[in-house]
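First up is the structure itself, then whatever we jot down about it.
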Amino acid sequence: MSSLANFDPDVAAIIEKERLRQLNGLELIASENIVSKRVLEAMSSIMTNKYAEGYPGKRYYGGCEFHDMVENLARDRLCSLFGAEHANVQPHSGSQANQAVYFAYLNHKDRIMSQSLTQGGHLSHGSRVSITGRWYSIFHYGVDPETEMLDYAAIEEMARIVRPNLIICGASAYPREIDFKAFQEIAETVDARCMADIAHIAGLCATGHHNSPVGVVDVVTTTTHKTLRGPRGGAIMCSKEDAVTIDRSVFPGMQGGPLMHVIAAKAVCFKEAMQPSFTEYCGQIIRNTRAMAEVLADEGLDIVSGGSDNHLILLNLTGLSTDGAHLTGLEAENALGEAGITVNKNTIPREQLSPFVTSGLRIGTPVVTSRGMKEEEMRQIGHWIARVLKDVARDKNSKKAIREVKEEVTALASKYPLYPEEI
Ligand code: PLP
């Protein structure tokens, strides 16, 4: 950092401010994590200097022998981590991995069935504001209005009517286990392909804390930076028969030169994910989320679907009302942010407000679990969240709970390093 600080103190100072924000606060964004120093080291290496368009053994540039080695390592490790036949580690992001799959299997205007954005899905699954929603014909399924969980019979009925070319399962804000086998079976009954996007739960799937879709559904996409705890990026896993189609779709279909420094860091991440300590970490994520969900429920807050099977909790804020109006996701996110607890507003089933306001909050435990926190700390954080939300719901201008909780948050967070020994 010293050369950066000398040459560009502006950028160095911003990075240092962000480091302190991460260190002194509680990051409960469900899609984030903290990478190890080893992953950071690979990501900031000279592997970034090279163009390596193509694939190992078949590049469009000379001098790629070491890039071939590292990409082969990353591919092989991802295959053995998930038991996949083929892996592509080049997608720059989860969204690009998804688009590469659509480009591989679909034509313009083909029909996609996917979980709606307002009920847990992702933008890249066909939202109207994404290219995926413009280019393909999208039909969204949601969750059952009573249970707030996926209703596989209803999804099958919809598939029989829609006759989709592709069914997507996997979500960004769904706290329950997803039955990937059921989705594949539904897809087969209507002659569609099935894609599972495990961006959020990849770490849980790799370690047996969630059923894995690899080898079950036709194709699996993921990000590498959420529960998998690697560098920011995407990956695709598929059968040997589909390998060439998928690879061609990523490059030259979607992307140019791969980010080789990120691929090196992905290889490190996959090796880390094979260690027993990573399996233990993912188990702790689940225990931590359950502990926090129990406290939030005991505090009288409304948890969408009544609980969580994974790394995230979705809170319905419509019961926290003041003056006839309820506390919005935006207000809750801001209040908790002032108290040093970073969460994000989120739409909930039967949402009435815009995505910029929302009636819900998404809370995730991967980051605080990486920092070494356990059930006791989760219960404490759950009480703090409830205290702040109830206080601002009572009086939107109140800073009382925010001030009190902020002090306690800083005291707790600063005890847990950003790079504990175990990572
Ligand atoms: N798929 C799902 C289910 C996600 O939740 C996300 C991101 O949150 C993505 C894909 C997109 O990943 P990226 O931000 O890397 O494009």
Side-chain angles (χ1 to χ4, degrees), residues 27-33 35 39 43 78 88-103 112-127 129-133 136 138 140-143 150 166-178 180 183 194-206 210 212-214 217 219-237 250 254-255 258-259 262-263 265-266 269 285 308-314 342-347 355 358 360 362-367:
E27 202 81 5
L28 297 177
I29 305 282
S31 50
E32 294 179 6
N33 215 327
V35 298
V39 166
M43 236 192 310
L78 186 59
N88 186 307
V89 295
Q90 291 197 3
H92 298 331
S93 73
S95 297
Q96 277 173 279
N98 289 344
Q99 287 178 54
V101 169
Y102 311 155
F103 188 50
I112 294 180
M113 236 177 89
S114 62
Q115 191 163 338
S116 95
L117 182 62
T118 54
Q119 299 196 26
H122 187 256
L123 280 170
S124 63
H125 297 178
S127 159
V129 295
S130 149
I131 186 170
T132 59
Y136 303 105
I138 306 295
H140 284 313
Y141 58 85
V143 293
L150 292 171
L166 178 73
I167 299 183
I168 302 173
C169 49
S172 300
Y174 184 66
R176 294 306 193 166
E177 178 145 17
I178 297 170
F180 293 120
F183 270 106
C194 184
M195 177 188 108
D197 176 348
I198 58 167
H200 264 258
I201 55 172
L204 309 182
C205 294
H210 188 292
S212 171
V214 177
V217 305
V219 60
V220 177
T221 59
T222 186
T223 55
T224 44
H225 50 272
K226 299 186 171 86
T227 52
L228 205 49
R229 206 162 66 182
R232 199 156 281 283
I236 304 174
M237 287 171 274
V250 174
M254 282 288 304
Q255 298 181 173
L259 309 175
V262 176
I263 289 176
K266 285 174 181 172
C269 151
I285 288 182
S308 171
D309 300 324
N310 56 26
H311 63 300
L312 71 86
I313 297 161
L314 202 54
T342 310
V343 291
N344 66 279
K345 58 183 175 293
N346 214 99
T347 53
T358 81
R362 191 180 65 162
I363 303 171
T365 61
V367 173

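Counting starts at 1 for both ligands and their atoms, in listed order. Both backbone and side-chain heavy atoms feed into the values below; hydrogens, waters and symmetry mates do not.
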Distance alone, cut at 3.5 Å: any donor-acceptor contact between the side chains of T118 and S116? yes
Donor on one side chain, acceptor on other, D197 and H122, under 3.5 Å: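 Result is no, nothing qualifies.
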Parallel, tilted or perpendicular for Y102 and Y136, by the 30°/60° rule? perpendicular
Would you check ligand 1 and list the protein residues that come within less than 4.0 Å of it by any heavy atom, ordered by chain and number? S93, G94, S95, N98, H122, A171, S172, D197, A199, H200, T223, H225, K226
Side chain to side chain contact (heavy atoms under 4.5 Å, CB included) filter on L117, not counting sequence neighbours, yields L123, S127
Using modelled atom types and a 3.5 Å cut-off, is there a donor and acceptor pairing between side-chain atoms of E32 and backbone atoms of E27? no
Exactly one candidate in S130, S93, S124, S114 meets side chain to side chain donor-acceptor pair (under 3.5 Å) with N98; the answer is S124
